[in-house]
**Q** 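Sharing a structure here in structure tokens format.
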Amino acid sequence: MGQDDAAPSAATALIHHSYVPPAGFEAVQPPVHKASTVIFPNTQALLARGWKDKSGYSYGLLGTPTTYILEERIATLEGGLQTVLMPSGLAAVTLVDLALLRAGDEVLIPDNAYGPGKDLARTELARWGISHRFYDPMDVASLAAALSPATRLVWLEAAGSVTMEFPDLPALIRLARAHGALTALDNTWGAGIAFNAFDIEPGLGVDVSVHALTKYPSGGADVLMGSVTTRDESLHLRIKSTHMRMGYGVAANDVELMLRSLPTLALRYHAHDEAARRLAQWWAGRAEVAAVLHPALLDAPGHAAWQRLCSASAGLFSVVFDERYSAAQVHAFIDALRLFKIGYSWAGPMSLVVPYELSSMRSKPAWPGVLVRFSVGLESVDDLLADLAQALEALR
Ligand SMILES: *Cc1c(COP(=O)(O)O)cnc(C)c1O
């Protein structure tokens, strides 16, 4: 203020404007709070600031009311207690490795895990002196053989990426736990709906659950985010400390979109599930394919484990075309599809399709033909079936 008590200049007035948060305004959706700077009422409050729990705020990167709400809702969804948000699902996988492993440790990864997580182990983790082994998640003895005195962390994924095998999670968790290794599950497929990662059986669950929120929690194919959820406070603090030191954060408007989509997550999950099962059943009766990979199908790998542990399935399945069809023929089928678009990711409203070259993805590819992964959207199932039928003409 000037000496003569004149009104402040516009530059100051536009910054130190009066602001009163709305009283008596209650809405269905929470507000979007944005901040890098968080203002402390006095020096003592600044000196006493904390970051370990949600009792206060100190800097936007460490949490805002908006990110706290999303963290709490994801923790609730997954049956955990604490959640840390990351800018993508892959970044969430990375954070778990960085927080829980050090040079000399070994991490075990299922052979059918999300591919970029395997790449991270082969490249960065190897460069930092952390070794890895891939195990066959459908063979408990394969995990037993891979465990060594250096094993600190065992990754799990259910169902497996692209090939959709559903492993015997309780047996794998028991084995890792008996060995003293932590377990981390990529829970993107189950999404907190198909099974409870922290209570797979009474008294038995994973230590860490990672979720690509990019998929079902977003549901819109327009936001990238990931989460790391735990039940154990000390494990959470290890992950949260690394998260803080590495400077990870998520944007408030992306959090807003997640919060907007979460209320319909269960509804969407079941709709995608029902549609995918109808399409998978349709493929199961077709002579063009050698295998339909969906854990709810009777002869699918891991069907018994899926049936024992799950109450639902994601909207994903793959088909392996009969060997008599060349890759070029299968690609012509894909190109002839009109409703199924060609693109990565899943759990959005639009149905998607991607061909995969199994021989480059698995230590022991079980099927020789060309694999096509379908992500079933929310279109009318009859329209999707008609699209598949018309595109199959391109195979001939
Ligand atoms: C998509 C996906 C990820 C990675 O999520 P992004 O947000 O795309 O990085 C990780 N794991 C699984 C199983 C996924 O499907």
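Along the sequence shown, residues carry numbers from 1. We count ligands from 1, going down the list as the structure has it; atoms in each ligand are counted the same way.
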**Q** So, Thr229 versus Thr83: side-chain donor-acceptor pair below 3.5 Å or not?
**A** yes
**Q** Flag Ala212 as yes when one of its N or O atoms lies below 3.5 Å from any N or O atom of ligand 1, and as no otherwise.
**A** no
**Q** Does any N/O atom on Leu90 come nearer than 3.5 Å to any N/O atom on ligand 1?
**A** yes
**Q** Specify whether Phe134 and His132 have parallel, tilted or perpendicular ring planes, treating 30° as the upper limit for parallel and 60° as the lower limit for perpendicular.
**A** tilted
**Q** Going by atom types only, do Asp207 and Thr183 share a side-chain donor-acceptor pair under 3.5 Å?
**A** yes
**Q** Under a 4.0 Å heavy-atom limit, does Trp189 contact ligand 1 with its side chain, its backbone, both, or neither?
**A** neither
**Q** Show the atoms of ligand 1 that are less than 4.0 angstrom away from any heavy atom in Gly89.
**A** 4 (C), 5 (O), 6 (P), 7 (O), 9 (O)
**Q** For ligand 1, find out whether one of its N or O atoms is nearer than 3.5 Å to an N or O atom of Asp186.
**A** yes
**Q** With Met361 as reference, evaluate Leu371, Val162, Asn112 under the side-chain contact (heavy atoms from CB on, under 4.5 Å) test and give the passing residue.
**A** Val162
**Q** Determine whether the side chains of Gln82 and Glu71 contain a donor N or O and an acceptor N or O closer than 3.5 Å.
**A** no
**Q** Does Tyr344 come within less than 4.0 angstrom of ligand 1, counting non-hydrogen atoms of the residue?
**A** no
**Q** Which is closest to atom 15 (O) of ligand 1 by heavy-atom distance: Lys215, His211, Met86?
**A** Lys215
**Q** For Arg152, does the CZ atom sit with more than 12 other heavy atoms under 6.0 Å from it, leaving out its own atoms?
**A** yes
**Q** Give yes if a backbone or side-chain nitrogen or oxygen of Thr214 is under 3.5 Å from a nitrogen or oxygen of ligand 1, and no if not.
**A** yes
**Q** Check each atom of ligand 1 against the heavy atoms of Trp346 and keep those under 4.0 Å away; list them by number with element.
**A** 15 (O)
